[in-house]
Amino acid sequence: MTGKFFAKRCYKALLEVPAGKVTTYREIAHFLGTRAYRAVGNAMNKNPCAPVVPCHRVVKSDGLVGGYAGGVAQKIKLLKDEGIQVRNGRVVDFQEKLYTFKRK
DNA sequence: TATTTGACCAAGA
DNA sequence: ATCTTGGCCAAAT
């Protein structure tokens, strides 16, 4: 119970990502002011957010889709539904689809 | 409390 | 370009 504030911040940031765009674990961590890229993915894996937060819009910094608790195929399918193509486990036009956070 | 794990990243060979 | 190595942080065991 204690803790998890970190994960909560992740979800909050994730909600800022518009549909049709993707972000990276690294961007989220950087936005939070930390380097816990792994902890971010770890929190998602436990998946306390399920369909509440669009976890499927998070990919690796290299544009690789990465993983997904519900199965990578599912993740790709959701992305495709938002207009994002994935080829061989990699996001097409990754740099263009990438969304970077900015502080308000 | 200590150790291991992981939906990661960057640099080196 | 690929493969290996080390580091990084929070959560789980």
Side-chain angles (χ1 to χ4, degrees):
Chain A
M1 284 186 49
T2 57
K4 279 194 177 169
F5 292 104
F6 178 80
K8 232 173 179 186
R9 275 175 253 165
C10 296
Y11 313 143
K12 185 99 187 217
L14 208 49
L15 292 172
E16 285 196 24
V17 181
K21 291 264 185 176
V22 294
T23 190
T24 68
Y25 300 98
R26 183 171 173 269
E27 284 296 321
I28 294 174
H30 185 269
F31 174 71
L32 298 180
T34 180
R35 293 170 198 154
Y37 350 93
R38 307 184 88 168
V40 175
N42 220 349
M44 300 299 176
N45 186 11
K46 299 307 185 267
N47 200 3
C49 58
V52 185
V53 177
C55 315
H56 59 274
R57 292 182 196 154
V58 189
V59 298
K60 297 220 249 175
S61 65
D62 287 349
L64 292 170
V65 185
Y68 193 61
V72 182
Q74 180 74 13
K75 183 171 182 177
I76 294 172
K77 192 172 184 179
L78 289 168
L79 290 173
K80 185 180 176 185
D81 186 59
E82 293 185 353
I84 299 174
Q85 277 187 28
V86 178
R87 288 300 177 196
N88 195 17
R90 205 174 290 243
V91 176
V92 179
D93 298 326
F94 168 61
Q95 288 290 342
E96 297 179 18
K97 311 282 185 181
L98 180 60
Y99 171 83
T100 52
F101 294 100
K102 46 193 169 191
R103 309 183 191 191
K104 291 181 288 189

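Throughout, a chain's letter reflects where its sequence line sits, starting with A, and its residues are numbered from 1.
A donor-acceptor pair under 3.5 Å links the side-chain atoms of A:Lys75 to the main chain of A:Val58, judged by distance alone.
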Heteroatom pairs (N/O) under 3.5 angstrom, protein to nucleotides 2-5 of chain B:
none

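Regarding A:Leu32, its CG atom lies at a distance of 15 Å from the C1' atom of C:dC8, rounded to whole Å. Rounded to an integer number of Å, the gap from OH of A:Tyr11 to P of C:dA10 is 15 Å. A:His56 has its NE2 atom 14 Å from the C1' atom of B:dA7, to the nearest Å. Between A:Leu14 atom CG and B:dA7 atom C1' the separation is 12 Å, expressed in whole Å. Rounded to whole Å, atom P of C:dT2 lies 10 Å from atom CG of A:Asn88. Remark: C1' of B:dG6 and CZ of A:Phe6 are 13 Å apart, rounded to the nearest angstrom.
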Next on the checklist: Assess the residue pair A:Tyr37 and A:Ile28 against the criterion (side chain to side chain contact (heavy atoms under 4.5 Å, CB included)); give the C-alpha distance rounded to whole Å, side-chain angles, the decisive distance to 0.1 Å, and a yes or no.
Outcome noted: CA-CA 8 Å; A:Tyr37 350 93; A:Ile28 294 174; over 6 Å; no
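Two residues are said to be in side-chain contact when any heavy atoms from C-beta on lie closer than 4.5 Å; A:Lys97 and A:Leu79 fail this criterion. The shortest side-chain heavy-atom distance between A:Phe94 and A:Thr24 falls under the 4.5 Å cut-off. Side chains of A:Tyr99 and A:Glu16 form a contact here, defined as non-hydrogen atoms less than 4.5 Å apart. Looking at heavy atoms from C-beta onward, A:Leu78 lies in side-chain contact with A:Tyr68 at the 4.5 angstrom threshold.
Residues that satisfy the side-chain hydrogen bond (donor to acceptor under 3.5 Å, both in side chains) test with A:Glu82, not counting sequence neighbours, are A:His56, A:Arg57.
Of all heavy-atom pairs between A:Leu14 and A:Cys55, the closest is CD2-CA, 3.7 Å.
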Checklist entry - What string of B, S and - do you get for nucleotides 8-13 of chain B, 5' to 3', if B is base contact, S is sugar-phosphate-only contact and - is no contact with any protein heavy atom under 4.0 Å? => result BSS---
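At the heavy-atom level, A:Ala36 lies under 4.0 Å from the strands shown only through sugar-phosphate atoms.
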